[in-house]
Amino acid sequence: GGQVGWELQRSLAPLGELVALDFDSTDFHADFSRPEQLAATVLAVRPDVIVNAAAHTAVDKAESEPDFARKLNATSPGVVAEAAQQMGALMVHYSTVPMYSALI
């Protein structure tokens with residue numbers, strides 16, 4: 001999807017096998033607006049390391065859609081982190097978005 005994700009994909013590719021997913025991936029579910037399916041994706045892919053750059057980055061929209069922003073920026077990364085922990089995988093959450101107390 002986004003510029004940060006694309007740059008991370010490009011930068012991390014030389015380190016080994018890379019599976020890059022975004023909201024319109026067809027092989028695996030990676031739509032952070034639907035967190036209920038994310039754990040199954042993590043368990044199916046079985047990564048050693050997860051680098052997450054998914055986020056609701058439109059600050060104005062995040063302020064007017066706090067529930068949706070929370071789902072994208074907190075709930076879904078939490079689901080991924082829990083699945084990673086179950087497998088012993090490392091998760092890195094990479095974000096350029098400022099955090100707001102209303103979203104935490």
Side-chain angles (χ1 to χ4, degrees):
Q3 182 176 358
V4 171
W6 188 88
E7 287 297 333
L8 284 168
Q9 180 180 345
R10 187 183 61 78
S11 298
L12 295 173
L15 300 177
E17 182 182 353
L18 179 72
V19 176
L21 303 173
D22 66 11
F23 63 89
D24 60 358
S25 294
T26 56
D27 292 338
F28 296 101
H29 169 80
D31 182 351
F32 271 40
S33 70
R34 297 171 57 208
E36 64 279 356
Q37 297 179 5
L38 293 170
T41 294
V42 172
L43 296 173
V45 175
R46 303 208 57 81
D48 295 318
V49 178
I50 299 167
V51 179
N52 174 46
H56 192 311
T57 58
V59 175
D60 292 342
K61 287 190 86 175
E63 290 174 346
S64 66
E65 302 172 336
D67 292 338
F68 186 64
R70 184 183 326 266
K71 186 181 287 188
L72 296 183
N73 294 346
T75 304
S76 289
V79 168
V80 173
E82 287 175 7
Q85 184 178 30
Q86 286 178 17
M87 297 181 345
L90 175 68
M91 179 176 169
V92 177
H93 181 74
Y94 188 92
S95 179
T96 59
V97 177
M99 296 301 292
Y100 298 92
S101 61
L103 298 178
I104 297 175

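- Both L90 and L12 belong to a single network of hydrophobic side chains, linked directly or stepwise wherever heavy atoms of I, L, V, M, F, W or Y lie under 4.5 Å apart.
- The distance from atom CH2 of W6 to atom CG of D22, rounded to the nearest 0.5 Å, is 14.0 Å.
- Under the 4.5 Å side-chain heavy-atom criterion for Ile, Leu, Val, Met, Phe, Trp and Tyr, V49 and L43 are members of distinct hydrophobic clusters.
- Separating the CD atom in E36 from the OG atom in S76 is a distance of 8.0 Å, to the nearest 0.5 Å.
- Rounding to the nearest 0.5 Å gives a distance of 10.5 Å between CG of D60 and CD of E65.
- Smallest separation of non-hydrogen atoms from P35 and T75: CG-CG2, 4.2 Å.
- Criterion: ILVMFWY side-chain heavy atoms under 4.5 Å apart, direct or through other members. Under it, F32 and M91 are part of a common hydrophobic cluster.
- The line from CG of L8 to CD of Q3 is 10.5 Å long, rounded to the nearest 0.5 Å.
- For E7, the CD atom counts as densely surrounded, since its 6.0 Å shell holds more than 12 non-hydrogen atoms of other residues, nucleotides or ligands.
- Rounding to the nearest 0.5 Å gives a distance of 11.0 Å between CG of D67 and CG of L72.
- Across every non-hydrogen atom of N73 and A55, the tightest pair is OD1-CA, 3.2 Å.
- Across all non-hydrogen atoms, the minimal contact from I50 to A84 is CD1-CB, 3.8 Å.
- The shortest non-hydrogen separation linking K71 to S33 is CD-O, 3.1 Å.
- Counting heavy atoms from C-beta outward, N52 and V80 have side chains that stay 4.5 Å or more apart.
- Of the inter-residue distances, the one linking Q9 atom CD with L21 atom CG reads 9.5 Å to the nearest 0.5 angstrom.
- A pairwise comparison of heavy atoms in H93 and A54 identifies CE1-O, 4.0 Å as the closest pair.
- Each of M87 and F28 belongs to its own hydrophobic cluster when Ile, Leu, Val, Met, Phe, Trp and Tyr are linked at side-chain heavy-atom distances under 4.5 angstrom.
- Under a hydrophobic-cluster definition in which Ile, Leu, Val, Met, Phe, Trp and Tyr are linked whenever side-chain heavy atoms come within less than 4.5 Å, directly or via other members, V92 and L38 are assigned to different clusters.
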